[in-house]
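None of these values were measured; they are calculated from a predicted model.
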Amino acid sequence: MTRATLVRIIAAILVLTVIIAVPMTQIHWDGTQASSQAAKIDTLLNVMIVLSSFVFSIVLVMLGYCVWKYRAKPGDESDGEPIHGNTKLEITWTVIPTVIVLFGAVYSWITLSDIEAHDPNRMVVDVYSQQYEWHFDYPETGTTSRELHVPVDRQIEFRMHALDVIHSFWVPEWRIKKDNVPGITTRAYITPDKVGNFTLVCTELCGIGHATMRAPVVVEPSQQAFDQWAASQPPIKSDEQQGEKLPSGPTIPKPVRQ
């Protein structure tokens, strides 16, 4: 391969990367950003899209070049020329994916650590999932509800409890998704920063009624508005107030069927 050919291939890879990545990064895949974590997650997604477009472009351009360069002439049924490989090429196609994967891993780790940083003033909400419904307990106010209500601009620690099979907690506008796994308590840390009505959906196939497993989500305009709403809700059931005491302090409510 001549230097001029190599330059053309690199140029084709870069152009194809731009053609693929630019329109893909302009799409708001998960809709409105409604949490302080959403922008960072969307940026991470866009970076992964660009890297994926780059790798795909390399594969596509090299495949096209090889198909054109080494195509057999009409009537040529002879065996291909024996070769012994190319050490430099093998090192290159090993190092480039390794660097890309390591970069993605480090960047993702930094982003995850940032968006999960704990606010000492956070509010705890216990999330219970079962086929095919949700309910929510608010230890701070001692109340429970079938709708998820939270105050705006305050970090929420969602403690996830699955009562039967694996479910998954996701409000698309908040971006963060977390599995609810039977027998363990998983946690998600989200700071809603946009007032409005949203929808909580289960994103883990959990049975025949999976598609209907949704719950209304309301982000209240202030802590006072949330407190007023919470005051109108029934108290948490006594059997959900008892649980295992963790070394860090919080109590895990006992999963019970409704």
Side-chain angles (χ1 to χ4, degrees), residues 28-45 107-129 134-162 167-181 184-203 214-233 236 240-241 243-253 255:
H28 299 290
W29 295 101
D30 296 314
T32 303
Q33 295 177 350
S35 74
S36 62
Q37 292 83 6
K40 296 171 185 177
I41 293 175
D42 285 352
T43 299
L44 174 61
L45 175 61
Y107 183 34
S108 299
W109 183 276
I110 293 172
T111 301
L112 182 63
S113 298
D114 188 16
I115 64 178
E116 289 195 340
H118 297 175
D119 184 340
N121 190 42
R122 66 187 181 275
M123 184 177 79
V124 173
V125 176
D126 286 300
V127 179
Y128 288 88
S129 57
W134 304 86
H135 82 275
F136 313 95
D137 287 354
Y138 305 86
E140 187 174 291
T141 60
T143 55
T144 187
S145 72
R146 296 285 181 159
E147 294 185 354
L148 175 58
H149 284 242
V150 294
V152 72
D153 294 328
R154 184 178 178 188
Q155 187 182 72
I156 314 298
E157 178 183 345
F158 292 101
R159 301 189 301 201
M160 315 288 186
H161 313 278
H167 301 277
S168 191
F169 175 99
W170 188 44
V171 178
E173 294 81 1
W174 291 351
R175 301 298 190 264
I176 292 177
K177 183 186 299 184
K178 185 71 70 169
D179 282 352
N180 301 26
V181 183
I184 66 174
T185 298
T186 55
R187 286 171 166 79
Y189 299 87
I190 302 171
T191 307
D193 62 2
K194 186 172 184 178
V195 175
N197 298 314
F198 307 96
T199 301
L200 166 63
V201 297
C202 176
T203 56
R214 297 168 180 258
V217 177
V218 179
V219 179
E220 302 285 357
S222 66
Q223 182 66 44
Q224 182 180 7
F226 169 79
D227 291 339
Q228 291 175 349
W229 169 84
S232 66
Q233 302 305 304
I236 298 174
E240 291 182 41
Q241 295 176 333
E244 172 192 357
K245 191 71 173 179
L246 296 180
S248 58
T251 298
I252 301 177

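- The minimum heavy-atom distance linking Asn121 with Arg154 is given by the pair O-NE, 2.8 Å.
- Contact record, Ser222 with Pro151: O-CB, 4.0 Å, taken as the closest heavy-atom pair.
- In this structure, the side chain of Glu220 does not engage the main chain of Gln228 through any donor-acceptor pair within 3.5 Å.
- Interatomic distance, Asn180 CG to Thr185 OG1, rounded to the nearest 0.5 Å: 9.5 Å.
- Residues forming a ring pair (Phe, Tyr, Trp, His ring centres under 6.0 Å) with Trp170 (at least two apart in sequence, or on another chain): none.
- For the pair Arg175 and Thr32, the tightest heavy-atom approach, listed with the atom from each and the gap, is NH1-O, 3.1 Å.
- Proximity of a side-chain donor or acceptor of Gln155 to a complementary backbone N or O of Asp119 within less than 3.5 Å is detected.
- Between Pro216 and Asn197 the shortest side-chain heavy-atom distance does not fall below 4.5 Å.
- More than 12 non-hydrogen atoms from other residues, nucleotides or ligands lie less than 6.0 angstrom from NZ of Lys177.
- Under the side-chain hydrogen bond (donor to acceptor under 3.5 Å, both in side chains) criterion, Lys40 pairs with Asp114, not counting sequence neighbours.
- No side-chain heavy atom of Thr144 sits under 4.5 Å from any side-chain heavy atom of Gln233.
- Distance check, rounded to the nearest 0.5 Å: CZ of Phe136 to OG of Ser129 gives 9.5 Å.
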message: Tyr189 vs Arg122, test: side-chain contact (heavy atoms from CB on, under 4.5 Å). Steps then yes/no.
response: CA-CA 9 Å; Tyr189 299 87; Arg122 66 187 181 275; 3.9 Å; yes

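- Counting heavy atoms from C-beta outward, Thr43 and Tyr107 have side chains that approach closer than 4.5 Å.
- Counting all heavy atoms, side chain and backbone alike, Val195 lies closest to Val219 at CG1-O, 3.3 Å.
- Put simply, the side chain of Asp179 does not reach to within 4.5 Å of the side chain of Thr186, judged on heavy atoms.
- When all heavy atoms are compared, the tightest approach of Val217 to Thr199 is CG2-C, 4.0 Å.
- Looking at Glu140 and Val124, their side chains never come closer than 4.5 Å, going by heavy atoms from C-beta outward.
- Checking side-chain atoms of Arg187 against main-chain N and O of Glu157 turns up no donor-acceptor pair under 3.5 Å.
- The line from OG1 of Thr111 to CD1 of Ile41 is 8.5 Å long, rounded to the nearest 0.5 Å.
- At a threshold of 4.5 Å between non-hydrogen side-chain atoms, the residues Tyr138 and His149 count as touching.
- Rounded to the nearest 0.5 Å, atoms CZ (Phe158) and CE (Met123) are 7.0 Å apart.
- Taken from CD1 in Ile236 to OG1 in Thr143, the straight-line distance is 6.5 Å, to the nearest 0.5 Å.
- The two residues Pro192 and Ile156 make their nearest non-hydrogen contact at CD-CG1, 4.0 Å.
- Test Phe169, Trp134, Phe198 against Leu148 for side-chain contact (heavy atoms from CB on, under 4.5 Å) and you get one pass: Phe169.
- The local environment of NE2 in His28 is sparse, with at most 12 non-hydrogen atoms from other residues, nucleotides or ligands closer than 6.0 Å.
- A donor atom on one side chain and an acceptor atom on the other are not found under 3.5 Å apart for Ser35 and Asp193.
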